[in-house]
2 protein chains.
Amino acid sequence: MAKNKKIDDELHLLAARRLRAAGMRYSKSRKAIVEVLASAGRPLTLDEVLDFQSDKTLAQSSVYRNSTELVEAGILKCLASGKDHNRFELDDSIIGHHHHFVCLDCGDIEDFEVPEYLEKEILALEAELVKKGLSVEGHTLDIQGRCHQCS
Amino acid sequence: MAKNKKIDDELHLLAARRLRAAGMRYSKSRKAIVEVLASAGRPLTLDEVLDFQSDKTLAQSSVYRNSTELVEAGILKCLASGKDHNRFELDDSIIGHHHHFVCLDCGDIEDFEVPEYLEKEILALEAELVKKGLSVEGHTLDIQGRCHQCS
DNA sequence: GTTCGTGCAAATACTTTGCACGTAT
DNA sequence: ATACGTGCAAAGTATTTGCACGAAC
């Protein structure tokens with residue numbers, strides 16, 4: 001628990017620093033959103049963020065507005081999700097690069113990691129595209145299927 | 001051109017067969033949608049589908065309704081797309097398995113293919129997950145960046 | 001005290017649906 | 001004749017925005 005506390009502190013310091021760098025404040029609402037996402041440990045829709053906050057005090061509009069801003073500051077990442085709404089999670093630069101298993105039925109997402117060598121080959125592929133003159137920012141490797149619940 | 005004509009014919013025959021198998025008809029609207037997507041050669045939003053049809057006769061509601069149905073019949077695939085709306089393309093079983101380069105600025109998507117060996121490793125990864133009891137349907141490997149236009 | 005963030009409510013955008021009519025079988 | 005598909009307009013959701021107030025610098 002002490003350990004997690006420490007990680008949390010670092011998370012918030014980092015978030016505060018990045019927002020400051022972008023000329024924004026790390027307000028109570030923004031902190032609450034980061035907190036919810038950190039403790040969920042998986043990508044959440046904005047509805048879920050609203051639901052999961054302990055003291056239901058965030059206004060919907062604040063969650064929408066802040067999620068956009070936190071993405072711009074590089075603290076959150078927005079995941080496309082064919083089904084239902086978009087989902088948000090802490091940025092790779094914070095929780096580390098990883099990939100997603102997406103349930104086709106319920107839309108839920110779980111993280112998983114990929115063998116080193118595979119990751120490297122994907123990076124090589126990116127390099128190829130750069131050679132062809134495209135500017136590359138990153139990649140997404142998702143697996144789709146049904147989660148334990150739904151299958 | 002004769003060649004393309006032939007491919008088109010096959011496409012429509014295939015689509016008709018699949019719809020029939022699902023108890024649906026290959027109506028004029030549905031054919032128009034498939035046609036637009038086939039000639040675009042890249043994933044389109046429903047707005048784009050509406051725009052690109054030669055004789056603007058499709059109703060918006062028909063495009064929405066039919067896109068859902070064509071997905072169910074296995075003719076179209078719906079792509080999540082963090083930015084803007086969802087996009088649709090012909091199913092992998094029709095145009096072959098491939099991957100997407102997604103422009104972070106304009107949201108546009110281009111297809112690209114991936115070396116055989118990489119594809120195989122991803123399949124091996126899927127097999128791993130199946131061993132862990134998940135049911136796996138497929139994967140997505142996208143590269144994000146900026147297209148020639150936007151960079 | 002000025003700038004930035006907030007909640008609320010209104011506005012906008014997106015998608016789905018009900019219904020009466022048309023078309024294909 | 002029947003089942004299925006269509007357009008239109010209305011309803012339903014989701015998301016964004018304007019504004020006046022409050023909090024942080």
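Numbers restart at 1 for each chain; the letters A, B, ... are given by sequence-line order, proteins then strands.
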Whole angstrom value for the distance that separates [atom2] of [N] from [atom1] of [X]:
X       : N      : atom1 : atom2 : value
B:Leu58 : C:dT15 : CG    : C1'   : 17 Å
A:Lys31 : D:dA23 : NZ    : C1'   : 16 Å
B:Phe88 : C:dC14 : CZ    : C1'   : 13 Å
A:Glu69 : D:dT17 : CD    : P     : 11 Å
A:Lys28 : D:dG22 : NZ    : P     : 15 Å
A:Leu19 : C:dC4  : CG    : C1'   : 12 Å
B:Arg65 : C:dT17 : CZ    : P     : 9 Å
A:Glu48 : D:dA14 : CD    : P     : 13 Å

If you compare every side-chain N and O of B:Tyr64 against the phosphate oxygens of C:dT15 (OP1, OP2), does one of them come in below 4.0 Å? yes
Does a side-chain N or O from B:Asn66 land closer than 4.0 Å to OP1 or OP2 of D:dT6, or not?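 Affirmative; the distance criterion is met.
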Which residue lies more 5' along DNA chain C, comparing B:Arg25 with A:Ser27 via nearest heavy atoms: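 Its nucleotide being nearer the 5' end, the pick is A:Ser27.
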With nearest nucleotides of DNA chain C determined for B:Asp47 and A:Ser29 from heavy-atom distances, which residue corresponds to the more 5′ nucleotide?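 The 5'-side residue here is A:Ser29.
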Using distance alone, with no hydrogens and no angle criterion, decide if A:His148 and A:Glu110 have a side-chain donor and acceptor under 3.5 Å apart.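 There is no such pair between these side chains.
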Describe the nucleic acid contact of [X] in one word from base, sugar-phosphate, nothing, applying a heavy-atom distance below 4.0 Å.
X       : result
A:Arg30 : sugar-phosphate
B:Leu46 : nothing
B:Thr57 : sugar-phosphate

Residue list, salt bridge (charged side-chain N to carboxylate O under 4.0 Å, His left out) with A:Glu137, at least two apart or on another chain: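 Once residues adjacent in sequence are excluded, the partners of A:Glu137 under the salt bridge (charged side-chain N to carboxylate O under 4.0 Å, His left out) criterion are B:Arg146.
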Flag yes if B:Phe88 and B:Leu19 sit in one hydrophobic cluster, no otherwise; membership is Ile, Leu, Val, Met, Phe, Trp, Tyr, and two members link when side-chain heavy atoms are under 4.5 Å apart.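 Result: yes, single cluster for both.
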Going only through I, L, V, M, F, W and Y residues with side-chain contacts under 4.5 Å, is there a path from A:Phe112 to A:Leu90? no
With nearest nucleotide decided by heavy atoms, which residue, B:Gln60 or B:Gly23, maps closer to the 5′ end of DNA chain D?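 The residue whose closest nucleotide sits nearer the 5' end is B:Gly23.
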Heavy-atom nearest pair, B:Ser135 first then A:Phe101, reads O-CZ, 3.8 Å
